[in-house]
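Here's the structure we're looking at; comments come further down.
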There are 2 protein chains.
Amino acid sequence: MANGQKATIRDVAKRAGVAVSTASRALSHGSASKATREKVFRAAGELNFVPNPAARQLMSGRSNIVAIAIPEHTDFIFRDMFVAGILGELSRAFSERRMLPFLALTELQDTESLERLLRDSSADGVVVLSFHYSRQLAQVFHDFDKPTVFIGRPFPRMRYPYVDVDNEGAAYCAAELLVERGRRNIGIIAGPDDMMAPKQRTMGCVNGLADQGMKPLAVISGEYTAEHGFEACERILEQYPEVDGVFAQSDQIAVGVLQALAKHGRQVPNDVSVIGFDDFPVATMTNPKLTTFAQPLHDMAQVIAEMLCWRLEHGEWNTVAQVLPASLIKRDSV
Amino acid sequence: MANGQKATIRDVAKRAGVAVSTASRALSHGSASKATREKVFRAAGELNFVPNPAARQLMSGRSNIVAIAIPEHTDFIFRDMFVAGILGELSRAFSERRMLPFLALTELQDTESLERLLRDSSADGVVVLSFHYSRQLAQVFHDFDKPTVFIGRPFPRMRYPYVDVDNEGAAYCAAELLVERGRRNIGIIAGPDDMMAPKQRTMGCVNGLADQGMKPLAVISGEYTAEHGFEACERILEQYPEVDGVFAQSDQIAVGVLQALAKHGRQVPNDVSVIGFDDFPVATMTNPKLTTFAQPLHDMAQVIAEMLCWRLEHGEWNTVAQVLPASLIKRDSV
DNA sequence: GTGAAAGCGCTAACAG
DNA sequence: CTGTTAGCGCTTTCAC
C-alpha cells in the first residue's frame with residue numbers, strides 16, 4: 001500500500017498548495033473557501049491520508065476508547081451466554097458511535113491488572129460488568145476517575161450510574177403466572193447468592209406470591225448451571241412432593257429442573273409448571289420448550305452507550321439509573 | 001483524585017529538580033544516577049504521575065493496541081461458545097503482554113465498518129476470527145496493511161499467517177476410534193459447508209475410514225446446532241437403519257444426535273457410538289456423557305499473541321502457520 | 001480566508 | 001550523567 005511512509009497533513013497541505021493549518025481546518029470543520037476545501041480533499045484522497053489518532057488525542061485529550069471491564073472468573077465469562085451476548089451488543093453500540101470498545105478481562109481478585117489495563121488504555125470511560133463487587137474493585141474505578149456505568153445494579157453503597165434489567169418485575173410476573181395457572185406449591189431455584197440479580201429475582205417472586213397470600217416452598221441458591229437445577233429440584237421433590245411450580249432463575253437451571261422432573265416421572269406442564277430466565281437458545285431445545293424471560297441485551301447496550309456518550313459530551317449525566325423490562329416468552333412449560 | 005489536572009512529566013521534573021529529559025530517562029530505562037532516579041521516582045509517586053499514552057504513541061509510532069476482528073453474523077457470535085472462549089483467552093494473552101485488545105465486531109458483509117474501525121483504532125496488529133472469507137474481507141486486511149494473524153486456516157488463496165486446530169487429525173482419530181470400537185456404518189454430521197473447519201473435519205474422518213477400507217454412509221452439512229444434529233440423524237436413521245456410529249462435528253450437533261437416537265430407541269453407546277467436537281459444558285450434561293475433542297483455546301491464544309508480538313518486535317514473522325492438536329476427551333458415548 | 005507559530009506530553013539526539 | 005534542543009502530527013490561537 002502506502003509507498004513507504006504514511007501521508008501526514010503536511011504532505012496533504014503541500015500537495016494542495018496551502019498551509020498546514022488551512023488543510024487542518026478544511027478537513028476538520030470544513031471552515032475554508034469552497035475552492036480550498038476541494039483542493040485539500042482531493043489531495044487527501046490522492047495521498048490516502050488518514051489522520052494520526054495519537055496526535056489528535058494529544059490535542060483533544062480524548063481517546064474515544066471505552067473500556068469494557070469484566071472482572072470475573074475466567075470460566076464464568078466463557079460459559080455465560082449473558083456475558084457473550086451483552087459484550088457483542090456493547091461492542092456494536094459503541095462502534096456505531098465511533099467509540100472504540102477495549103476489552104479488559106481480568107480475574108476477579110486481580111485488581112492490580114485491572115488497574116494497569118485501565119491506565120494503559122487511556123479510555124475516556126468505562127462500562128463495568130461484574131457480579132461480584134468488592135471494596136478493592138470499587139476503589140479501582142474510583143481511582144481511575146473516569147465516567148463509569150455499571151451493568152446491573154451495583155451494591156447499594158456504590159453510587160454509580162447503572163443500567164439493569166427489571167429482575168424483580170419479571171420475577172413478580174413469574175409468580176403471578178404460576179398462580180394464575182393454579183399452582184400453589186412453588187419452589188424457587190435461585191442463582192448464586194453473592195450476586196445482586198438472584199436476590200432481586202427471588203425478592204420479586206416472593207413478593208408476587210405474598211400478594212396472593214402465598215409463600216414459596218423453598219429457595220435454593222447455587223450456580224447458574226443445569227447441575228444446580230437438577231440437584232435443587234431433586235431436593236425439593238424429596239422434601240415437598242406436593243411441588244407443582246418451579247421458578248428457575250436461569251434457563252440452564254431450568255434445564256436441570258426439567259431433567260429432574262422427568263427422572264421422577266413428573267409431567268411438565270401437566271403436573272408441574274416451570275419458568276426459566278434468559279431466553280437463551282437452550283430454551284427452545286428442551287422438552288417441552290421453556291417459558292422464560294428474555295433479557296433486553298440490545299436495548300441495554302444502546303442505553304449504556306447513550307448514557308456514557310452523553311456524559312462524555314456534556315460533562316454530566318442525563319440519567320443515573322435505567323431499568324429495562326424483561327419480556328415474557330411464552331412457550332410450553334407453564 | 002487528581003487535584004484538577006493530571007501531572008505531566010514536566011511537573012515531575014520540576015518537583016524532582018531535574019530536567020524533563022532526565023526525568024524521562026530515569027522513568028523509562030532508568031539510565032540515571034541512583035540519587036536522581038530516586039528523586040524522580042519519588043516525585044512521580046507523589047504526583048501520581050501516569051505517562052500520557054497519546055504522547056508516547058506519537059513518538060514511538062506504536063499504540064500497543066491489537067484489534068480483534070470478528071466479522072461474523074451477530075447471532076453466530078453470541079451463540080457460539082468457541083468465539084466467546086477464544087475471545088476471552090485472547091484478551092488475557094494480549095493483556096499479559098501489555099497489548100490492549102480492541103474489539104472489532106462487525107456484520108460479515110459490512111466491510112466498510114470494519115475498515116473504519118480498524119483505521120480509527122490505530123491498532124499495531126490484527127487478529128482475525130472469521131469463518132466466512134470473501135474477497136472484500138481480504139481486501140480490508142490487505143489495505144489496513146498491519147501484521148495480521150488468522151484464527152483458523154484462511155482459504156488457500158489468502159496467504160496470511162494463521163493458527164489453527166488440527167481438525168483433520170482429530171477427525172482422523174475419531175474415525176479410528178469408531179472403527180476400533182467395531183463400528184462399520186458411520187455417518188458424518190458436519191458443520192456449515194461454507195466454512196473451512198467442517199471441510200477439514202470431514203476430510204479427516206473420510207481419510208481415517210478410507211485407511212480402514214471404509215466409507216461413511218453419508219455426510220450431511222448444516223449449522224452447528226442441535227436442530228441440525230437431530231434432523232440429520234433422523235434422516236440417516238431412515239435411510240441407513242444399520243448406522244452404528246456418528247461423528248458429530250460439534251457438541252451441539254451431538255446433542256441433537258443423541259436426542260434423535262433416543263427417540264428412535266437406539267442405545268448409546270450400546271447400539272450406536274457418538275463422537276462430538278469442542279468439549280463445551282454441554283458435553284458433560286448429556287446422557288450418556290459425550291466423548292469429544294477439546295479445542296486448545298488457551299494455547300491457541302498464547303501462540304497467536306506470541307506470534308504477533310514477535311512480529312511487532314522484530315519486523316518479521318518467526319512462524320507463518322501453527323497447527324495445534326485437539327485432545328480426545330473420553331467419556332461414555334463411544 | 002489564510003499562513004505563521006506555538007504547543008499538546010513525551011523521547012531521542014546532541015552537547016556539555 | 002545531565003541539561004538543552006528538536007520534533008513526533010495535529011489543532012489552534014493570532015496576525016495578516
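What you are looking at is a predicted structure, and each value in this text was computed from that prediction instead of being measured.
Contact check for A/Val128 versus A/Tyr162: no side-chain heavy atoms found under the 4.5 Å cut-off. When side chains are defined from C-beta on, B/Tyr160 counts as touching B/His142, because their heavy atoms get closer than 4.5 Å.
Atom NZ in B/Lys34 sits roughly 13 Å away from atom P in D/dC1 (whole-Å rounding). In this structure, A/Leu58 places its CG atom 7 Å from P of C/dG9, rounding to the nearest Å. In this structure, CD of A/Gln57 is placed 13 Å from C1' of D/dG9, rounded to the nearest angstrom. The interatomic distance linking B/Arg62 (CZ) with C/dT11 (C1') rounds to 16 Å, in whole Å. Rounded to a whole Å, the CG atom of A/Asn52 is 14 Å from the C1' atom of D/dG7. When the P atom of C/dG9 is taken as reference, atom NZ of B/Lys6 falls 11 Å away, rounded to whole Å.
In this structure, A/Phe141 and A/Phe150 have perpendicular ring planes: the angle between them is above 60°, well past the 30° mark.
A/Glu89 pairs by the side-chain hydrogen bond (donor to acceptor under 3.5 Å, both in side chains) definition with A/His298, not counting sequence neighbours.
B/Asp120 has a carboxylate O that lies under 4.0 Å from a charged side-chain N of B/Arg116, or vice versa, which qualifies the two as a salt bridge. Ion pairing between A/Arg311 and A/Glu316 fails under the 4.0 Å rule for side-chain N and carboxylate O. Between A/Asp124 and A/Arg62, at least one side-chain nitrogen of the basic residue sits less than 4.0 Å from a carboxylate oxygen of the acidic one, meeting the salt-bridge criterion.
Using a 4.0 Å heavy-atom criterion, one finds that A/Thr36 contacts the sugar-phosphate atoms exclusively.
Other residues, nucleotides and ligands contribute at most 12 non-hydrogen atoms within 6.0 Å of the CD atom of A/Glu112. Open room surrounds NZ on B/Lys14; 12 or fewer heavy atoms of other groups in view lie less than 6.0 Å from it.
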- [ ] Starting at the 5' end of nucleotides 11-16 of chain D, put B wherever the base has a protein heavy atom under 4.0 Å, S where only the sugar-phosphate does, and a dash everywhere else.
- [x] BBB---
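OP1 or OP2 of D/dT2 sits under 4.0 Å from a side-chain N or O of B/Ser33.
For the helix from C/dG1-D/dC16 to C/dG16-D/dC1, the angle separating the two terminal helix axes comes to 40°, with each axis derived from five pairs and the value rounded to 10°.
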